[in-house]
Every structure is written in C-alpha cells, then in structure tokens.
*Asks:* 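Input: one structure, supplied below.
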Amino acid sequence: MPSRPSNAQIVRLFDLISDYLALDGESPYPLMAYERASRTLRDYPVSIADLASRGGLRELPGIGEAIETKVLEFIATGEVAKLDELRAKYPEGLLEIMHLPGVGPKTARHLWEALAITNLDELKLACERHALRGLPGMGEKTETNMLRAIATYEARSGRSLAGAVEPQAAKFVEALRAMPAVISADYAGSLRRRRSTIRDIDLVVASADPSAVMDAFAALPELAGTNERGDTKLTAVTHTELNVDLRIVPEPSYGNLLQHLTGSAGHNVALRAYAQRRGHKICEYNVEHVASGRQITCATEAEVYELVGLRYIPPELRENQGEIEASEEGLLPDLIELPDVRGDLHVHSDWTDGRATIEDMALGALEHGLEYMCFCDHSQSLAMARGLGPDRLAQQMEVIRELNTRLPGITLLCGIEVDILADGRLDLPDESLAQLDFVTASIHSAFSQPRAQIMKRMTNAMQNPYVRSIGHPTGRLLGRREPYDVDLDELARLAAETGTFLEINASYDRLDLSGPAVRRAVELGAKIVICTDAHYPTDFDNLKYAIWEGRRGWLEAKDVVNTRPLSEFRAYRKA
DNA sequence: GCCGTTTTCGGCCCGACTGTTTTCAGTCG
C-alpha cells in the first residue's frame, strides 16, 4: 500500500490529465471540469486523501463520480490508468510549452509534429535558429514572443504568491500561539517584509520547551510531512508543497532571532556594518557591546534597533534602500495602515465578470468598514467579460443610484473601468463618462506594443477630463506576465500634471503598481488610489495586500486619495 | 466531467483583437 499522497500530488494529477486532454484535442468541457476540480482541491486545507477515504470527496463542488474514482485509485495504487495512457502518447515537455503565454495545446502539438520539438530548450533553440517561421501561421514575431515568454518562465523559479500563502502562514502562527509551550510566535522572512512573492515560510517561536513545540507542530493537519529535525529547528512541507522552517529560541533572544530571520540579507549586512561603526556587533542571538564584551539579548526587535542607536524600522522597509539612514535621521515615513482606507474605487459586479450582485458587493464593502465604494465594471470592448456599452452602463447607474437610496452606512458611486484601446481611444464616448462619479482607465489589450505607443495610450487616457485614475498601471501578472512597456517616470509626471491618480491594485497576483514604483511615483508628485478590483464580496479582504505593497513603497496615508472622507475625496479636481 | 425550481440530457460567461494569415488559435478578466 503506497503512503498517503499529499494534496499537491493529487492536484497535480488532475492538472496533468486536463493538460494532456487538451493536447489530445478533447472538447473543452471535460477540461474545464478537471480544472475546476483542481482549483477546489488546491484550496482544500487539510488532507484530501483522508477526506476521500471517508467518502466525503463528492461533497466538494465540482467533484463527481469520475474524479472521486480517480482519487481513490491514486490512493490505492499510486497511479491512475487514464493518466498513464495519455502520458504514453505525448512527451511531457510539451506541457511546459503549451503553458507559455501565446502558446496553447494546438501550437505545442503542432511544433512537436512538424519540428519534433519536445521541450523548452528545443523550442528556444528552434526560435533562435528561426526554424518556426517556415511553418504556416508562424512568423518572426512568433519567435520573438516565444523567446520572451521562455525567459519570463525561466525567471519565475518556484516562488509562490504571498497573498496565496499568507493565510496559511497566519494559521500556523495562530496554531503555535495556542500551544501551551509557546510564549511568542511570528512568521518572518520575505513574507513578513511583505514581498509579493515568496519561496518558503519562516516561523520563529520563543519557548523553553522546543521539543514539545516541534511535536505539536509536526502533528498539524496542514503538513504533509517533516524533513529534518534538530534541537531547535524543524523543516516540514505543507500539502501545498511549500517548505516551512520552524526556529525556536529562548524568550530573551526572541527579538534577535526575529530580526535576523526577517532580513533582508542586504538590510542585515548594512545594519551590522552600521552597528560595527558604533561599537556593536549584531548576531542572531544578541547584540554585543564590543568594548566591554557585554552581550545583550533582546526580547523584542525594537530593542535591537534601539541598542545600536536607531529608531525601529518596519519590516516592509528592510530592503537596504536607505532605511537605515532615514532611521538615523528621524526621516522614516509614517506608513499607511489598513484602517486609513475609507473607500474602494474599483469594484466589479455580475453585470460584467464579477461573481456577485451589485447589492452583495455593496454589502461586502459595508461589512469591511468602507464608507464609500465605486462600481467600475468593464467597458464594451472586453466582450468576454460582457463589458458595458453606453446603454447597459446607463441601466446599471439607475440600479446603483436606487440601491444607494436604501442602503445606509455606505455611499455607492457609479463608475467604469474603461478600456484604453490599442490606438489610444477610450472604449466609451465622453457623453457616457461624463455621467459617472469616477472613471478608471485600464489597458487590457495589445500589451506588446512599443513603449512610445503604450505611453501615447496612457497620455490620451490621462488627458481625458473624465478619467480619474489609471488601473493596474503596468499590467503585470506575477509569475505569469511581464509588465507592458510603461515609462514609469513619465507616467508619474503625467499623473501629477493632469491630476490623474495611479492605482495600487490589490489583487495579489497584480499588486500593481509595485512598492518601488509607488515610491518613485509619489516622489514625482503623483497621488495614489488603493483599490481591490474586487470580483467577490470576500475580495475586500485583499485591501491589505495593496496596503502592504504601498508600505514597501514608503507610502503615507496623506498621498492616498481614498484615505479621505467622501466629501474631501469629491473635492479633488483634475488639473 | 459536472450539474439540475432548466433534474438523467444539454448546457457549460462569449466577442473583438493580434499575429499570422485566407480561416484560425490564443488572449483578455
């Protein structure tokens, strides 16, 4: 009997089956069913194998008889016959190829059949040798685009989205804090610095009984297994195939270790050099006063910084980007916090690609303590999202205005996320835009245009008197799509000049603008709006990710327009 | 392959744009 498979192994099973079926030319609906099942299983927090063994699998949405049978087959035998059949027909490397942006199953299979390309390396070589342009439907541009896509793919290298991982890390911290032997617990590392992508979860614990903590931790149901275990350190792997490092120290050194493991490496090197010049030596267990040889342990991180003569530096700033100098000179920013945000100006509904009604989205915003919110559904050119033309937009306005009269506690505004078309025109006439309280303009097409054309589109949009903000200004999708070729400095200058706001989009696979871009934009005089781009009522929870990204960009509430009460927000005018 | 106050078959968000072409695959949220 094989050992119990991890959730990630089971999820991968169905990802593979649907990928191979796509190569095989199967109709799209079984594929969609496998993909849906895969998403459901991926989000399931504890052992799927246990659930399946109890016969509970079919209670999950999207799991029917066929998929349950395959999970049980996999648990019993470690194999699935259907997948083995498919594997025998196609080289595995085709799957990577078909997941490149701009490439699909048909193209991947075509490349294999016509040029015997079976993996990314061979594809790269073929592009470099211009072997693709001889094939029907492919040309010079195809080769360029594929080479760029391969480069992006190779750079992503196994990092996970912080927004997908943080809830799990927070649960680990909660579970640790509930253990009797635990005095303090936090996550550290890049997750604590609020990087948008992370490699693993670092957990730090203060306890006098490390062995008891490790025993209890290793038994948590979210863990698929443990790898190594010493006296003070344990490494494990979650069902989602994320590595978790647990470090345990005595309470007096907790601040030292937390500071050390939060990093970044660059920050710690700079901090130690700074401390050395002031006669101190910092290590992960204490701060040593070199002249006297006295070693001082720090129960809190703040003490570490105080001991070397610095003001406390928030984790988001610890990237060796001038934070030590700013701390020394008393010039650290007064960073924005989640409760500072009073309104959300980018919310979708089921009138386009949102998944909830206008009323449910409004209630979601109300429950999250927002004072105002603006519906900005898609405009007509985004047909797949059933984007709004002038007539449906007018109808939607009536619905929103009516609801606004009978929903106390929150003000509902009418807006649109209008597409900036490939030629720079907006997707709706000014007469429509003029009716609205707020207009966000976004690029959703022709991403690969040269910088001059992208900037022409941005300029046209920002110079429109009704466009109040630019949505997800660079279009990046973390780990999946590079930003379009935006000149950030020019964008920020234009934003400042025209009085157009720049968005921090809170979707955790966007976080666009990025922290560093925010810092630069504010330096150049741009004002920021922080928006969820919510498609579900629960998406208002994502606001915190945009706050984190903003904090990484040294952002203060005063530079964010939707931290203002509604009356002040309304008073902002375009230049 | 899943689902059902459309219950055991017939739906499954749906149309313009891009790069390459003369009929189409893939992408956009």
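Here is how names work: the chains are called A, B, and so on, in the same order as the sequence lines, proteins then strands, and each is numbered from 1. Here the structure is a predicted model, which is why all the values come from computation and not from measurement.
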*Asks:* Which residue, Arg510(A) or Ser381(A), contacts DNA chain B at a nucleotide closer to its 5' end, judged by nearest heavy atom?
*Replies:* Ser381(A)

*Asks:* State, without any angle test, whether Thr498(A) and Lys574(A) hold a side-chain donor-acceptor pair at a distance under 3.5 Å.
*Replies:* no

*Asks:* Does a side-chain N-to-carboxylate-O contact under 4.0 Å join Glu128(A) and Lys124(A)?
*Replies:* no

*Asks:* Expressed in whole Å, how much space separates the P atoms belonging to dT6(B) and dG11(B)?
*Replies:*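 Pairwise P distance, dT6(B) against dG11(B), rounds to 15 Å.
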
*Asks:* CZ of Arg36(A) versus P of dC12(B): gap in Å, rounded?
*Replies:*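 After rounding, the reported distance stands at 14 Å.
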
*Asks:* Let me know the distance between CZ of Arg148(A) and P of dT18(B), rounded to the nearest Å.
*Replies:*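 Value for this atom pair: 15 Å.
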
*Asks:* Measure up the Phe501(A) and Tyr572(A) rings against each other and bin them: parallel (under 30°), tilted (30 to 60°), perpendicular (over 60°).
*Replies:* perpendicular

*Asks:* Whole Å only: how far is the CZ atom of Arg457(A) from the P atom of dC28(B)?
*Replies:*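 It works out to 13 Å between those atoms.
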
*Asks:* Check Lys82(A) with Glu85(A), please: is the shortest side-chain N to carboxylate O separation under 4.0 Å?
*Replies:* no

*Asks:* Could you tell me whether the side chains of Glu503(A) and His472(A) share a donor-acceptor contact shorter than 3.5 Å?
*Replies:*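 No pair is found: no donor N or O on one side chain lies under 3.5 Å from an acceptor on the other.
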
*Asks:* Say you pick atom P in dT20(B) and the same atom in dA16(B); how far apart are they, in whole Å?
*Replies:*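 Approximately 22 Å lies between the P atom of dT20(B) and that of dA16(B).
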
*Asks:* Take the protein atom OH of Tyr484(A) and the nucleotide atom C1' of dC28(B), then report the distance between them rounded to whole Å.
*Replies:*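 Value for this atom pair: 11 Å.
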
*Asks:* Please report the distance, rounded to the nearest Å, between CZ in Phe447(A) and P in dT27(B).
*Replies:* 11 Å

*Asks:* My understanding is that a pair needs two contacts under 3.5 Å, Watson-Crick or G-U wobble. By that rule, which nucleotide pairs with dG10(B)?
*Replies:* dC3(B)

*Asks:* By nearest atom, which of the nucleotides dG1(B), dT18(B), dG19(B) is closest to the Ala422(A) side chain?
*Replies:* dT18(B)

*Asks:* From the options dC2(B), dT20(B), dT18(B), select the nucleotide whose nearest atom is closest to the side chain of Ile67(A).
*Replies:*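 Nearest listed nucleotide: dC2(B).
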
*Asks:* Ignoring hydrogens, what is the shortest heavy-atom contact between Ala446(A) and Ala422(A)? Give both atom names and the distance.
*Replies:* CB-CB, 3.9 Å

*Asks:* Which one, dC28(B), dT20(B), dG1(B), comes nearest to the side chain of Thr142(A)?
*Replies:* dT20(B)

*Asks:* Take atom C1' in dC3(B) and the same atom in dT8(B), then report the distance between them in whole Å.
*Replies:*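 The answer is 10 Å between these two C1' atoms.
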
*Asks:* So what does Leu132(A) hit on the nucleic acid, given a heavy-atom distance under 4.0 Å: a base, only sugar-phosphate, or nothing?
*Replies:* nothing

*Asks:* Return the nearest nucleotide to the side chain of Ala66(A); candidates are dG19(B), dC2(B), dA25(B).
*Replies:*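 It is dC2(B).
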
*Asks:* Quick one: Met146(A) CE to dA25(B) P, roughly how many Å, whole number?
*Replies:*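 One finds 15 Å between P of dA25(B) and CE of Met146(A), rounded.
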
*Asks:* What interatomic distance, in whole Å, is found between P of dT21(B) and the corresponding atom of dA25(B)?
*Replies:* 15 Å

*Asks:* Roughly, in whole Å, what's the span from CZ in Arg133(A) to P in dT21(B)?
*Replies:* 11 Å

*Asks:* Counting only side-chain nitrogens and oxygens, does Ser448(A) get under 4.0 Å of the OP1 or OP2 atom of dT27(B)?
*Replies:* no

*Asks:* Heavy atoms only, 4.0 Å cut-off, all strands: where does Glu65(A) land among base, sugar-phosphate and nothing?
*Replies:* sugar-phosphate

*Asks:* I'd like to check, for Tyr29(A), whether its ring lies over the base of dC2(B) with centroids under 5.5 Å apart and a plane angle smaller than 30°.
*Replies:* no

*Asks:* For the P atoms, the ones on dC28(B) and on dT23(B), what distance do you get once it is rounded to whole angstrom?
*Replies:* 27 Å

*Asks:* Just checking, is any N or O donor in the side chain of Asp539(A) or His348(A) under 3.5 Å from an acceptor N or O on the other one?
*Replies:* no

*Asks:* What integer number of Å spans the C1' atoms of dT18(B) and dG4(B)?
*Replies:* 39 Å

*Asks:* Find which nucleotide of DNA chain B each of Gln449(A) and Thr107(A) is nearest to by heavy atoms, and output the residue with the more 5' nucleotide.
*Replies:* Gln449(A)

*Asks:* Which whole-number value in Å describes the distance from Lys141(A) NZ to dT27(B) P?
*Replies:* 17 Å

*Asks:* Taking the minimum atom-to-atom distance to the side chain of Arg386(A), which one of dC14(B), dA25(B), dG1(B) wins?
*Replies:*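 The closest nucleotide is dC14(B).
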
*Asks:* Let's see if you can work this out: which of dG1(B), dT20(B), dC28(B) has an atom nearest to the side-chain heavy atoms of Leu382(A)?
*Replies:*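 It is dC28(B).
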
